[in-house]
Amino acid sequence: MTKLHRRTLLGAAGAATLATPAIAQAPVTFAGRTIEFVIPFAEAGGSDVWARFLAPFLSRHLPGQPNVIVRNVPGGGSITGSNDWAQRARPDGSSLFGPSASTHLPFLLGDRRVRYDYANWTPVIVSPTGGVVWVSTRTGITDGADIARLRGQELVFPSQGATGFDLVPILALHLLEMNVRYVFGMRGRGEARIAVERGDASIDHQTTPAYLSQVVPLVQAGQGVPLFSYGLPDAQGNVQRDPSFPDIPTFEEVYQRLHGRAPSGQAYEAYRAASIAAFAGQKPAVLLKSTPAPIIAAYRRAFEDIVADPELKARGETVLGVYPQAVGDAAESLYRHATTISPEARDWARNFLTTHHNVRF
Amino acid sequence: MLDLLLSTLLDLLTLKHMTFMMVGVTVGLVIGVLPGLGGIAGLSLLLPFIYGMDQTSALAMLIGLVAVVPTADTFSSILMGIPGSSASQATVLDGFPLARQGEAARALAAAFFASMLGGMFGAVVLTAAVLAARPIILAFGSAELFMLTLFGLSTVAALSGGNLAKGVAAACLGLAFGMIGAAPATGEYRMDFDTLYLSDGLPLVIVGLGIFALPEMFDLLRGGGAIAQKGQSLGRGWFRGVRDVMRNPGLVLRCSGIGALIGAIPGIGGSVVDWIAYSHAMQTSKDRSQYGKGEIRGVIAPESANNAVQGGALLPTLLFGIPGSGSMAIFLAGMILLGLQPGPSMAERDLNITYTIIWSLAIANLLGTALCIGLAPGIAKLTLVRYTLIAPFMVMVLCFAAFQATRSYYDLLALLAVGVLGVFMRRFGWSRPAFLIGFVLSLGAERYLYQAVQFTGWDILTRPLVLVILALTLLSLWAGLRKSGGTAAINTEGAADGSRAARMWPQLAFAAVVLGLFVFTFAEGMKNSYLAMLFPVAVACVGGACALWVLFRQSRGAVAAGSANFDTEAEAKDRGPWPFLGWFLGFVAVTGVIGFFAALVLFFLAFLRVVARCPWWQVLVLTAAACSFLLVLASSLNLLFPGGVLQAHVDLPWPLR
């Protein structure tokens with residue numbers, strides 16, 4: 001089949017313009033090939049699990065049932081692998097790339113080590129996730145609606161660093177005018193969570209799966225209270241409540257209640273870009289934009305079929321949550337929101353990080 | 001609870017589940033035997049296959065692997081003097097000298113038996129503690145973790161070799177190397193030379209292999225013969241090894257306890273447990289003169305501890321979703337792929353899963369020990385083979401293990417650089433164990449001190465658990481320093497006799513280089529903001545002072561220098577390790593030009609022909625065997641070999657790509 005395809009191409013080159021429609025109609029097939037799903041992280045961890053979960057489905061639904069392998073290229077907080085893929089990948093659909101929040105954020109903030117550009121890539125699926133900011137009941141509140149009472153005290157937030165994933169709650173709590181002391185150097189959200197449980201810290205955020213399995217028991221035991229979730233943007237880009245937590249208000253709702261108006265301005269723009277990059281648009285799988293259109297279309301179709309696969313629905317909940325997987329145009333729109341920021345909002349965020357957290361760009 | 005224990009056992013003991021466990025145990029055995037490759041590589045190998053498996057089979061397979069790695073990695077530690085994984089570095093100190101004295105069988109038997117007991121202990125601890133471990137784990141906050149890192153550092157006193165100043169300086173050097181990369185308090189990059197590679201810090205695997213394995217390899221090559229100097233008595237001593245363990249029940253129990261506890265506390269990690277256990281054995285021995293020369297207790301202690309770690313490390317993994325080690329992180333990923341979410345429910349609703357894991361751990365430990373004992377006589381014969389035939393295989397496996405760290409060419413350069421440092425530290429008696437302990441605990445010490453002060457202020461010193469650990473630390477310091485400095489000093493870097501040099505300048509030069517490194521650390525430290533500056537500057541000052549003291553003593557002349565005078569090359573007649581270092585350097589350089597795989601083929605051909613003087617047919621057979629082995633391993637890990645200049649310009653097919 002591949003040979004035939006190649007011959008068609010050669011013929012097309014000879015017959016010049018006349019043959020062009022013939023190429024477009026030649027069926028794309030990956031039979032007998034090996035597709036690499038490149039992940040810029042080491043084995044284990046969210047992105048690796050996500051890619052390993054999707055790989056067999058991709059193999060099943062791509063035309064020609066190719067072998068799909070996950071290749072980990074770790075280092076530099078995912079920048080190494082991303083630079084590498086941006087430089088080496090060939091536009092033939094043989095390699096798919098899975099960046100994540102810690103790849104998006106340095107790009108949005110204009111980290112000088114970044115050598116990749118999301119505008120050169122096109123998404124074939126985007127897997128959203130969510131997150132919840134919660135406090136210990138040692139702060140004195142037992143209901144998230146009493147959030148205003150937290151303003152009278154200093155909260156302690158255990159963080160992995162101001163320029164990563166934790167940028168989102170840092171900006172959110174800044175917008176809510178909370179008095180927060182950040183203790184950096186945590187080695188994961190798990191360590192941060194037990195620092196709150198132990199009483200060393202008082203406020204924390206967790207992604208959806210960890211919130212459901214680890215924090216919900218604490219909330220039920222009366223030790224923790226959820227404040228707000230980051231929500232999920234709808235097709236128009238308006239943030240809606242997270243389907244995993246229909247009872248927890250979004251950041252926007254809480255802001256509205258505390259300030260009496262909807263959030264706006266560069267600070268909010270920076271928060272929104274960071275929050276969609278880190279949560280709603282956290283895990284896209286991308287191809288090079290220069291890949292021939294039929295190949296991109298084949299991938300798009302494959303992911304549409306994967307999302308409809310009943311087995312994915314049956315087995316996917318621990319990995320994908322209850323989130324609608326964005327494919328086709330929905331993927332395109334979510335991807336754009338997650339990987340773009342206005343120059344003004346970027347400058348504001350950089351300036352904020354330099355003044356408040358001593359970050360040097 | 002007893003019903004559940006019994007029913008999970010019966011569920012596990014079916015043919016299907018046991019078959020999958022054997023798969024895990026077998027892969028673990030192979031991965032464990034290969035130096036440098038540990039649970040992380042093994043689990044990554046199995047991860048793609050668990051898709052679609054039932055939970056019990058998959059858990060049995062993964063745990064089967066996790067359980068057997070710290071047993072099987074003993075082979076290369078004892079037989080080759082190369083740490084089989086980062087959990088069995090301390091086993092090298094006494095295990096390898098035993099092998100060289102022809103007592104490999106005894107050392108292996110003692111190690112396997114101790115490993116099995118430790119593993120069983122870990123499984124028992126897990127059974128009992130899973131219902132009550134939550135408050136214990138929560139009791140260890142940043143302040144307690146900081147004190148534990150201090151406790152770990154206190155073992156340097158016992159492991160510093162003949163000269164305390166050198167030992168402390170070596171530990172400080174390790175601390176300084178550990179600070180490369182992002183500072184925990186502020187995220188500033190320190191000593192990274194503006195490279196992405198160093199921004200993550202030096203990988204532990206590479207430091208362990210570079211500091212221990214490369215110098216040992218060069219040394220063996222210089223010897224020219226086989227590893228075992230008295231090879232005939234290889235097959236004997238099995239029962240003696242088991243008897244050695246039986247005679248030290250207290251030691252096994254205490255070290256297993258240390259292993260399980262340290263493993264259970266997230267944040268310290270299993271890679272320092274073997275050293276803590278080793279120094280514990282040393283501190284509690286009446287006669288310490290044989291440590292470092294072939295003391296069987298020095299093998300028993302780390303081996304019983306490093307298997308017990310796994311049982312302990314499963315506690316935070318299962319209850320909090322916090323992996324205590326690299327291999328636990330991958331095990332966690334495997335659980336999520338199986339649709340299992342760790343959390344408090346593992347001690348309640350999902351208790352059957354937890355018990356399946358515990359039983360797998362216990363049974364796999366038994367199976368692993370039996371297999372290791374069965375395979376040992378065969379594998380131990382390697383110590384009778386001429387080392388020049390083994391060396392190229394070691395180079396291959398070491399490099400392969402090293403670039404498992406980040407899969408880049410820089411991994412090989414880092415290995416080379418640390419290896420050169422290791423060669424000199426070994427030669428001049430700067431304790432490499434002390435260096436490694438400093439390296440492992442570096443970021444932890446800084447991170448937890450900063451966090452403790454931020455969370456609770458200086459009244460951390462009033463917390464009861466902090467005071468208990470402080471008391472233990474002082475006790476360990478006292479036990480380590482007692483008797484040392486006199487004739488009973490322990491030399492972790494070989495015998496002091498015959499190491500008193502008359503020519504002092506090589507030692508002086510190296511001490512000056514060490515001092516220079518501290519000056520550099522100081523200067524780099526000063527560039528940072530206050531919180532990121534404190535630790536490097538403090539370490540540079542302490543280390544610098546010790547290095548100055550050593551320099552001062554050495555400059556007073558060969559005799560007046562006393563224990564500061566140490567040079568294993570003092571009576572050497574050959575050209576030193578340089579020709580072999582040159583071979584390794586050449587291999588790394590050629591890799592930089594034509595890529596790893598092609599360079600390896602050339603290296604095998606050239607080394608076997610020129611150094612080992614093999615006939616051509618043997619050269620070709622050995623090269624082909626090495627290449628096919630490497631290709632099988634690399635293709636099952638979906639690995640690309642590090643490329644060179646050639647690969648950057650030309651698109652070649654795998655494995656040359």
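First the proteins, then the strands, lettered A, B, ... as listed; each starts at 1.
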Evaluate the side-chain proximity of [Y] to [X]: yes if any heavy-atom separation is below 4.5 Å, no if none is.
{"X": "A/N358", "Y": "B/L531", "result": "no"}
{"X": "B/I322", "Y": "A/I194", "result": "yes"}
{"X": "B/F455", "Y": "A/R198", "result": "no"}
{"X": "A/E197", "Y": "B/I137", "result": "no"}
{"X": "B/Q451", "Y": "A/D200", "result": "no"}
{"X": "B/L340", "Y": "A/T318", "result": "no"}

Contacts of residues 641-650 of chain B with chain A (heavy atom under 4.5 Å):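 From residues 641-650 of chain B, none sit under 4.5 Å of chain A.
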Backbone of B/S327 reached by a side-chain donor or acceptor of A/E43 within 3.5 Å: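 Absent.
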Donor-acceptor pair, side chain of B/R407 and main chain of A/N72, under 3.5 angstrom: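 Confirmed, B/R407 side chain pairs with A/N72 backbone.
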At a heavy-atom separation under 4.5 Å, does [X] approach chain B through its side chain, its backbone, both, or neither?
{"X": "A/R88", "answer": "neither"}
{"X": "A/E311", "answer": "side chain"}
{"X": "A/L212", "answer": "neither"}

Side chain, backbone, both or neither of B/Y450 within contact of chain A (heavy atoms, under 4.5 Å):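 The side chain, not the backbone.
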Closest approach of B/S199 to A/G76 (non-hydrogen atoms, all atoms of both residues):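 Taking B/S199 first and A/G76 second, the nearest heavy atoms are OG-CA, 3.9 Å.
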Euclidean distance, B/L443 CG relative to A/R187 CZ, rounded to 0.5 Å: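 The CG atom of B/L443 is 9.0 Å from CZ of A/R187, to the nearest 0.5 Å.
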Leading residue by heavy atom contact count with chain B [cutoff under 4.5 Å; candidates A/R189, A/M186, A/H357]: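 Option with the top pair count is A/M186.
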